[in-house]
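Just so it is clear: chains get the letters A, B, ... in the order the sequence lines come, proteins before strands, and each one is counted from 1.
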Amino acid sequence: MKIKALKGFKDILPGEVELWQILENTARTVFEQYNFHEIRVPVLEETALFQRAIGDTTDIVEKEMYTFVDKKQTLRPEGTASVLRSVIENGLLVQKPVQRLFTIGPMFRHERPQKGRLRQFHQLDIEVLGSKSPLLDTELISLAAMLFSELGIHVSLELNSLGCPKCRPAYREALLAFINERKDKLCSDCQRRSETNPLRVLDCKVPADRELMADAPSIQEWLCEECGDHFNAVQQGLERLGIPFRLNKFMVRGLDYYCRTTFEFITSDLGAQAAVAAGGRYDGLAELLGGPAGTPGIGFAMGMERIILLMQQSEKDFQESVEPLDIYIAGLGDKGQKEASRLAWELRQDGFSVGLDYEGRSLKAQMKLANRENASFVFIIGDEELATGKGVLRNMRDRDAEQMELELKAEAFYFLDDLL
RNA sequence: GUGGAUGUAGCUCACGUUGGUUAGAGCACCUGGUUGUGGCCCAGGAGGCCGUGGGUUCAAUUCCCAUCAUUCACCCCA
């Protein structure tokens, strides 16, 4: 029986991993430009953390979590809860009342894999705790927009507000009344949703349901004064920065902790997986997890697999080629290989990247390897060279360049620095 | 959990007429064409229990059943 990777778990192989590095490096650069600091948190947490943060009745907690058989420990299905736990546990808000954090890493959900969705997937996570300013909402959205623009991928922004515990209940009632008037015409899923989470009826994908719900009351009209002001300020902020967006009264959130601003960056190029990044405010969450009362928070997650798919489709050329090698040393014969091995050690200590192999291949075969590894220079050490103490240096980029002889020591290669 | 599609070489895929003896291509790999010089070209080579198990048959990669895997979609979500 051959051992294979688990369903929904994928290797990221050389050739593709370069794209991930570009994504990560670009993201880190943008995050730093926005004055965010990295935090690294464990992938395994107490189950109760997620039950409390995400909501006991959500699909994620009910059936998608990787929970150990003792039921007490769970592989994180998302990042926000862990980051908040850490911030609270380590008292970071006492040291600095506004925390601007990012984290990058794998998440785990036991669902059926499909395009852009795996059981182990990766997210770029941004979280800010301690500020309720709408300017911050705008800033976070602009950060995401900038990252997408840096990566050369096209997504569109949708915006909504979910209100707060003050105004949402009234809206919920109004929506429920609207739903119940036509409940028997809705799909069976929505009939169920109307019981469990009426807001989710809004983003049903069944065309007939969409028509039925087209005139549903909009939460945007039910916001309390504070939420309304906040929502307006976010929109004005985006307009000030020239970031286009579309209001979408049907966009709701799957996770319980969201309030006020919610946003999604979506694409039509990933099949059923439209959301590339999504997030919003969660002003009550920190307190719920035992943090200081009234600590506001906002954050979002970007799906890295989905971004990678878009990068692969984008017109921008990310050059998935192998990292070029400074020098490839071709050692011929037993003595040549030993000398190559010694010289490689010296050259690497001097900072060169050096390739070689010990399979006793012909010079021709080694030249081919050097070429494939994208080496800039090849240094040949055979019996003749051992006899004279000088090896042959060949320029692989310029076929016509003359070969030169160099002593078999790293000092002889100093001038190469300028040519690489 | 539900539904559809697909499983043939490392990868991308053909062919296999209503079953029949040696299952092919491209890319990649190895060797040679240059007793020690890469990319291009040419020649050669290696590499497959035709996903797995069972059934029908003299004979199954081909037909039937089951099973597993992959994938897309539903659900849900990044």
Exercise for review: Determine whether any donor atom in the side chain of A/Lys4 lies under 3.5 Å from an acceptor atom in the base of B/G51, or the reverse, and answer yes or no.
Suggested key: no
Review point. Looking at the side chain of A/Arg200, which of B/G38, B/G36, B/C76 is the nearest nucleotide?
Key: B/C76
**Study point:** A/Arg109, nearest nucleotide to its side chain (from B/G36, B/C77, B/C74)
**Key:** B/C77
Practice item. For side-chain contact (heavy atoms from CB on, under 4.5 Å), just list the numbers for A/Val276 and A/Ile266, CA-CA rounded to whole Å, side-chain angles, deciding distance to a tenth of an Å, and then say yes or no. Key: CA-CA 6 Å; A/Val276 180; A/Ile266 61 173; over 6 Å; no
Any strand: nucleotide that pairs with [N] via Watson-Crick or wobble, under 3.5 Å:
| N | value |
| --- | --- |
| B/A69 | B/U6 |
| B/A25 | B/U12 |
| B/G1 | B/C74 |

Check your understanding: Can the ring centroids of A/Phe265 and A/Phe148 be said to lie less than 6.0 angstrom from one another?
Key -> yes
Review point. Between A/Phe300 and A/Phe263, is the gap from one ring center to the other below 6.0 Å?
Key: yes
Exercise for review: With P as the reference atom in both, quote the distance from B/C63 to B/C50 in angstrom, rounded to an integer.
Suggested key: 15 Å
Review point. Taking the same atom, P, in B/G48 and in B/A59, what whole-Å distance lies between them?
Key: 27 Å
Check your understanding: When you look at CD of A/Gln403, are more than 12 heavy atoms from neighbouring residues, nucleotides or ligands closer to it than 6.0 Å?
Key -> yes
